[in-house]
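Following: one structure in C-alpha cells, then a few remarks.
Excluded from the calculations below are hydrogen atoms, water molecules and symmetry mates; all remaining heavy atoms, backbone and side chain alike, are included. In what follows, every chain begins at residue 1, and chains take the letters A, B, ... in the order their sequences are listed.
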Amino acid sequence: MRIARLVNAWFALEGRDLPWRRPGFTAWGTLVSEIMLQQTPVARVVPRLEAWLERWPTPAALASEPPGEAVRAWDRLGYPRRALALHAAATQIAERHGNVVPEDVDALLALPGIGDYTARAVAVFAYGHRHPVVDTNVRRVIARALLGRGEAGPPSTRRDLAAMEALLPADPAEARVTNAAVMELGAIVCTARAPRCDVCPLAELCAWRAAGYPAYDGPKAAVQKKFEGSDRQVRGLIMAELRAADVPVTAAEIETVWPDAAQRARAVDGLLRDGLAVQVDGGYTLP
DNA sequence: TAGACGTGGAC
DNA sequence: TGTCCAAGTCT
C-alpha cells in the first residue's frame, strides 16, 4: 500500500531516537513506557522511564516493593493511578505469567491499566505481532489524510482499528514500522495545532489538504474542564504531600494545602477510595 | 457513554 | 494570562 510505503520511508529518515526504539529494549520496558506515555508528553516521560527501569528492571522487582513506592517514583507524571495499576500489573505478571510480559492482546487487556491502545502497542512494538495500533495521533492522521477532516472527532474503537488495519502491510515487521510511523507522523508533523504540511510525506495525497483545509464541523470532543480550583488540583496537591513525606501526613497538614474543607474532604475520600492513600495512625500515607 | 482523572509546556 | 493539548483507561 502506498501510504505505508511513504510513511515507512519517512520514518526511517525522520523518526526520533527514543529509548523504547533502541535495539534490545525489553518488553517490560515497552509496557512501562506505554503506560507512562498515556496522556503524557514524551519529553516528560523519558527521564522518569530511565530511572524507573534502572530501579526495577523486571516486573518482579517492582512487585517486590510496596505500591506506594511506585506512586512515589511516578513523581509528577500525572494520573498517579497509572503507577498503582502498573504495580498491580507487575504483580500479576510476576505471579501468573512467570515474570514475562504477556504477548497476546487479550492477556494484556486483562491486566490493570492496559486498554485497547496499550495492549496492541505492547503486542506490536515489543513482540512484533501484526495488529493495528490506534492512538490520538493515528486517529488525526487518518481523519486528515484519508477522510479530509481537520480533526478526528470522538473515538470509535471498532471503526478506528479497521481504518488503521486497512493501511497495514501484510508483513508483520513492516506493519510494525507502519504503526510506529503513522503515530510519529501525527506526533511531530501532522500535529493538532500547527501541522507542518510542507514536510509531510503524505502531503500529495492528503484529502484534507486537497480540499483546502476545511474547518472541522463534526461532533466536538468533550472540552477539558478547568484545572485551576478543581478537585483534580486538590488531589494533586495532597498526593505531592504524601510523596514527599516519609512519615504519616496529618489531617492538620492536609488542611494547609487547600482552604475549602468540603473540597478537601472530597479529594481525600477519592484518594482513599482509589487506593492512592491509606489512613494510618496519625494521618495518611502512600499505600 | 460522558465525565473523572494530573501536570506542565506551547502559543 | 488563558486556552489547548499530550502514545488513554475506567466506570
Indicate whether OP1 or OP2 belonging to dA4(B) is found under 4.0 Å from a side-chain N or O atom of Lys225(A). yes

What contact category does Trp20(A) fall into here, base, sugar-phosphate, or nothing, at under 4.0 angstrom with non-hydrogen atoms? base

Under 4.0 Å, counting only non-hydrogen atoms across every strand here, what does Pro80(A) touch: a base, just sugar-phosphate, or nothing? sugar-phosphate

By nearest nucleotide on DNA chain C, pick out whichever of Leu109(A) and Val223(A) is the more 5' one. Val223(A)

Can Arg176(A) and Asn179(A) be counted as having a side-chain donor-acceptor contact under 3.5 angstrom? no

Looking for any heavy atom pair under 4.0 Å, which part of the strands does Glu228(A) touch: base, sugar-phosphate only, or nothing? nothing

Contact class for Ala121(A) (heavy atom, under 4.0 Å): base, sugar-phosphate, or nothing? nothing

Report which part of the nucleic acid Asp274(A) touches: base, sugar-phosphate, or nothing (heavy-atom distance under 4.0 Å, all strands). nothing

Do Leu37(A) and Val42(A) have side chains that approach each other closer than 4.5 Å (heavy atoms only, starting at C-beta)? yes

P gap between dA10(B) and dA7(C), integer Å: 14 Å

When you check the phosphate oxygens OP1 and OP2 of dT7(B), does a side-chain N or O of Arg243(A) lie under 4.0 Å from one of them? yes

If you look at every strand shown and take non-hydrogen atoms under 4.0 Å, does Arg232(A) touch a base, only sugar-phosphate, or nothing? base

Just checking Pro155(A): base, sugar-phosphate only, or nothing, at a heavy-atom cut-off of under 4.0 Å? nothing

Touch class at under 4.0 angstrom, heavy-atom based, for Gly115(A) against every strand present: sugar-phosphate

With a cut-off of less than 4.0 Å, is there a side-chain N or O of Arg81(A) near OP1 or OP2 of dC10(C)? no

Report yes if a side-chain nitrogen or oxygen of Arg235(A) is closer than 4.0 Å to either non-bridging phosphate oxygen (OP1 or OP2) of dG6(B); otherwise report no. yes

When you measure from the side-chain N and O atoms of Thr118(A) to the phosphate of dT9(C), is any distance below 4.0 Å, counting only OP1 and OP2? yes

For residues Ile254(A) and Val249(A), determine if any side-chain heavy atom of one lies less than 4.5 Å from a side-chain heavy atom of the other. yes

Does the side chain of Arg144(A) pick up a donor-acceptor pair with the side chain of Tyr216(A) at under 3.5 Å? no

Does a nitrogen or oxygen in the side chain of Arg48(A) sit under 4.0 Å from OP1 or OP2 of dG6(B)? no

Of the listed nucleotides dT9(C), dC5(C), dA7(C), the one nearest the side chain of Glu34(A): dA7(C)

Just N and O in the side chain of Gln39(A): are any of them under 4.0 Å from OP1 or OP2 of dG8(C)? yes

Classify the nucleic acid contact of Arg140(A) as base, sugar-phosphate or nothing, counting any heavy atom under 4.0 Å across all strands shown. sugar-phosphate

Using a 4.0 Å heavy-atom cut-off across all strands, classify Ile35(A) as base, sugar-phosphate, or nothing. nothing

Checking Tyr117(A) against Gln38(A) for the side-chain hydrogen bond (donor to acceptor under 3.5 Å, both in side chains) test, could you report, in this order, the C-alpha distance in whole Å, the side-chain angles of both residues, the deciding distance, and whether it holds? CA-CA 9 Å; Tyr117(A) 164 75; Gln38(A) 292 168 5; over 6 Å; no

By nearest nucleotide on DNA chain C, pick out whichever of Leu37(A) and Gly113(A) is the more 5' one. Leu37(A)

Could you tell me if Tyr284(A) and Glu241(A) have a donor-acceptor pair between their side chains, going purely by distance under 3.5 Å? no

Given the C1' atoms of dT1(B) and dC10(C), what is the spacing between them in whole Å? 12 Å

